[in-house]
*Asks:* 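Can you read through this structure? Questions will come right after.
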Amino acid sequence: MENIILIGFMGCGKSTVGLRLSYRLRRTIIDTDKEIEKEERRTISDIFATDGEAYFRDRETAILRKLKDGVNNQIISVGGGLPVREENRALLHELGQVFYLCAEGRTIYERVKDDTTRPLLQVDDPLTRINSLIKERDPYYRAAADVVITVDDRSFTEILDEIERNVK
Ligand code: S3P
């Protein structure tokens, strides 16, 4: 069976949806952010602060290349910025069926407004930042996706049902 890959903006629900899906489908889940933190033995915030975003982006590509050699039948949830890089979109496509959890800025803002673990959103006006980043990234997410799932104002059960109906 192919891997199921979850992409989408920070706070769109990739981790929670991934975890619940892993119970439903009895598949294990891998999260690229957590893999990077494990390998680097430090948090994403530390990586951004010490080595910068470009270093982190290279680590994301390296993780995907590694997963490609030998990961099957799993759920893979990836960091919000990962599909922006063309090489990463190609790797995602090779890795499995890609689901884009699509959310509006207001949905994201409500979920991440008190979160300090996402370096890109530690700004004075996170909502404006979120909206402009979504605008910039949405075309990349759509280019990478096999299936687009809208998550605004929907329960996790509805979202999971729709994903399950679309799994190949
Ligand atoms: C990022 C999203 C984060 C994490 C890093 C950068 C982004 O992952 O990879 O903070 O560029 O959107 P989540 O989408 O899991 O929050």
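For ligands, and for the atoms within them, numbers begin at 1 and follow the listed sequence.
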*Asks:* Atom 11 (O) of ligand 1: which of Arg57, Glu60, Met10 has the nearest heavy atom?
*Replies:*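 Selected option, by shortest heavy-atom distance: Arg57.
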*Asks:* Which heavy atom of the protein is the closest neighbour of atom 12 (O) of ligand 1, given with residue, atom name and distance?
*Replies:* Arg137 NH1, 2.6 Å
*Asks:* Does at least one non-hydrogen atom of Glu37 fall below 4.0 angstrom from an atom of ligand 1?
*Replies:*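 The answer is no, since Glu37 has no heavy atom less than 4.0 Å from ligand 1.
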*Asks:* Answer yes or no: is there a side-chain heavy-atom contact under 4.5 Å between Leu121 and Asp115?
*Replies:*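 SC-SC contact between Leu121 and Asp115 ruled out.
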*Asks:* Please state which part of Leu82 comes within less than 4.0 Å of ligand 1, counting heavy atoms only: side chain, backbone, both or neither.
*Replies:* neither
*Asks:* Classify the contact between Arg59 and ligand 1 as side chain, backbone, both or neither, using a heavy-atom distance cut-off of under 4.0 Å.
*Replies:*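 None of Arg59 does.
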*Asks:* Among Asp33, Asp115, Val78, which residue places a heavy atom closest to atom 3 (C) of ligand 1?
*Replies:*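 Heavy atom nearest to atom 3 (C) of ligand 1 belongs to Asp33.
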*Asks:* Hey, is Arg106 close enough to Asp153 for a salt bridge, meaning N to O under 4.0 Å?
*Replies:* yes
*Asks:* One residue to check: Glu53. Relative to ligand 1, which of side chain, backbone, both or neither has a non-hydrogen atom less than 4.0 Å away?
*Replies:*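 For Glu53, no heavy atom sits under 4.0 Å from ligand 1.
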*Asks:* Which is it for Arg65 and Thr61 under the side chain to side chain contact (heavy atoms under 4.5 Å, CB included) test, yes or no, and what are the steps along the way?
*Replies:* CA-CA 6 Å; Arg65 288 200 193 118; Thr61 303; 3.7 Å; yes
*Asks:* Starting from atom 5 (C) of ligand 1, what is the nearest protein heavy atom, named by residue and atom, and what distance separates them?
*Replies:* Ile44 CG2, 3.9 Å
*Asks:* Check whether more than 12 heavy atoms from other residues, nucleotides or ligands sit under 6.0 Å from atom CG of Asp124, and answer yes or no.
*Replies:* no
*Asks:* Would Arg59 and Glu37 pass as an ion pair if we require N to O under 4.0 Å?
*Replies:*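 No salt bridge links Arg59 with Glu37.
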*Asks:* Would you mind running through ligand 1 and noting each atom that sits below 4.0 Å from a heavy atom of Leu120?
*Replies:*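 Here the atoms of ligand 1 in question are 7 (C), 11 (O).
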*Asks:* I'd like to know if Arg85 and Asp58 make a salt bridge, using a cut-off of under 4.0 Å between side-chain N and carboxylate O.
*Replies:*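 Asp58 and Arg85: salt-bridged.
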*Asks:* Around atom CD of Glu86, are there more than 12 heavy atoms from other residues, nucleotides or ligands closer than 6.0 Å?
*Replies:*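 No.
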*Asks:* Charged N to carboxylate O under 4.0 angstrom, Arg154 versus Asp161?
*Replies:* no
*Asks:* Counting from 1, what ligand 1 atoms have a heavy atom of Pro119 closer than 4.0 Å?
*Replies:* 10 (O)
*Asks:* Tell me the protein heavy atom at minimum distance from atom 16 (O) of ligand 1, and give that distance in Å.
*Replies:* Arg118 NE, 2.6 Å
*Asks:* Using a strict 4.0 Å threshold on nitrogen-to-oxygen distance, state whether Asp138 and Arg142 make a salt bridge.
*Replies:*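 Yes, Asp138 and Arg142 are salt-bridged.
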*Asks:* Students should be able to answer this: which protein heavy-atom is nearest to atom 14 (O) of ligand 1, and at what distance?
*Replies:* Lys14 NZ, 2.5 Å
*Asks:* Among protein heavy atoms, which lies nearest atom 7 (C) of ligand 1, and at what distance?
*Replies:* Gly81 N, 3.3 Å
